[in-house]
Amino acid sequence: MKFRAWDTENKKMLSWEEIRHLPAESLFSDVSAKRLIPLLCTGEQDACGSEVYEGDIIEDAAGRKFEVKYGKYWAYCPESKRKIDSVGFYLKAPGLPKMPIGPLEEYAKVVAIWDRAD
């Protein structure tokens with residue numbers, strides 16, 4: 001697993017290279033204190049070759065923007081014709097149902113990275 005982290009104290013993103021060498025007890029205590037907010041890498045790249053992380057804002061060819069999230073969502077299974085619970089990366093946008101991220105390199109580019117605590 002690969003992460004980056006938002007440093008709430010210094011208001012900046014810390015790369016995987018910056019956090020991977022931190023002692024675990026330091027990293028986890030900072031996460032518990034909400035000084036660092038870890039953001040998981042999806043393992044996917046966008047159409048420009050950039051890695052995509054939880055919290056990134058992506059844009060599709062039609063100009064629609066979505067936030068990349070991680071957690072529980074439901075997906076429609078055409079074979080059983082019902083909704084099923086899923087856990088993983090999904091896209092969220094106002095007025096649209098949550099949807100799996102799919103092959104981001106085929107249709108989306110990162111237009112903003114997560115930079116807030118909400």
Side-chain angles (χ1 to χ4, degrees):
M1 291 189 156
K2 188 174 176 180
F3 292 87
R4 66 182 178 198
W6 177 248
D7 182 338
T8 61
E9 200 171 277
N10 297 306
K11 305 275 189 253
K12 72 174 200 164
M13 190 65 71
L14 301 176
S15 69
W16 171 245
E17 290 73 26
E18 292 173 289
I19 63 172
R20 71 181 181 157
H21 297 296
L22 292 174
E25 61 276 358
S26 167
L27 180 61
F28 289 114
S29 66
D30 283 349
V31 167
S32 294
K34 301 221 186 287
R35 181 177 161 256
L36 292 179
I37 299 171
L39 301 163
L40 186 58
C41 182
T42 65
E44 299 283 335
Q45 293 183 340
D46 71 359
C48 300
S50 298
E51 288 184 314
V52 180
Y53 285 82
E54 177 183 8
D56 283 347
I57 304 300
I58 62 166
E59 184 176 79
D60 67 9
R64 295 176 297 195
K65 293 182 179 167
F66 303 86
E67 183 176 0
V68 177
K69 307 281 277 177
Y70 182 83
K72 187 175 179 180
Y73 67 97
W74 62 263
Y76 180 74
C77 177
E79 189 164 318
S80 66
K81 295 182 175 50
R82 62 186 179 106
K83 298 176 187 176
I84 56 172
D85 285 335
S86 297
V87 175
F89 290 102
Y90 64 90
L91 300 177
K92 182 179 176 187
L96 294 173
K98 297 174 184 176
M99 60 195 88
I101 61 173
L104 296 173
E105 72 279 358
E106 294 178 12
Y107 71 90
K109 64 180 178 180
V110 174
V111 294
I113 63 170
W114 198 88
D115 66 355
R116 68 206 182 281
D118 55 359

To the nearest 0.5 Å, how far apart are CG in L14 and CD1 in I37?
-> 11.0 Å
Quick one: list whatever passes salt bridge (charged side-chain N to carboxylate O under 4.0 Å, His left out) with K83, sequence neighbours left out.
-> none
Table please: side-chain donor-acceptor pairs of residues 47-57 below 3.5 Å, with sequence neighbours left out.
from : atom 1 : to  : atom 2 : distance (Å)
E51  : OE1    : K2  : NZ     : 3.0
E51  : OE1    : Y53 : OH     : 3.2
E51  : OE2    : K2  : NZ     : 2.8
E54  : OE1    : L40 : N      : 3.1
D56  : OD1    : R4  : NH2    : 2.2
D56  : OD2    : Y53 : N      : 2.8

Residues in ring pair (Phe, Tyr, Trp, His ring centres under 6.0 Å) with F66, at least two apart?
-> none
For Y73, all residues meeting ring pair (Phe, Tyr, Trp, His ring centres under 6.0 Å), sequence neighbours excluded | Y90
Who pairs with E79 by salt bridge (charged side-chain N to carboxylate O under 4.0 Å, His left out), at least two apart in sequence or on another chain?
-> none
Taking only residues two or more places apart in sequence or in another chain, which ones pass ring pair (Phe, Tyr, Trp, His ring centres under 6.0 Å) with Y70?
-> F89
When hydrophobic residues are tied together by side-chain contacts of less than 4.5 Å, even through go-betweens, does M99 share a cluster with I84?
-> no
Does N10 have any side-chain hydrogen bond (donor to acceptor under 3.5 Å, both in side chains) partners at least two apart in sequence or in another chain, and if so, which?
-> D7
Roughly how far, to the nearest 0.5 Å, is the CD1 atom of I58 from the CG atom of L91?
-> 4.5 Å
Where is the tightest heavy-atom contact between A108 and D46, given as atom of each residue plus distance?
-> O-CB, 3.3 Å
Partners of E59 by side chain to side chain contact (heavy atoms under 4.5 Å, CB included), sequence neighbours excluded?
-> K65, K109, V111
Would you name the heavy atoms of E17 and H21 that are closest together and state the gap between them?
-> O-CD2, 3.8 Å
Excluding sequence neighbours, so at least two apart, what forms salt bridge (charged side-chain N to carboxylate O under 4.0 Å, His left out) with R64?
-> D60
Contacts of K98 meeting salt bridge (charged side-chain N to carboxylate O under 4.0 Å, His left out) (sequence neighbours excluded), chain-then-number -> none
Here the gap from W6 atom CH2 to K12 atom NZ, rounded to the nearest 0.5 Å, amounts to 10.0 Å
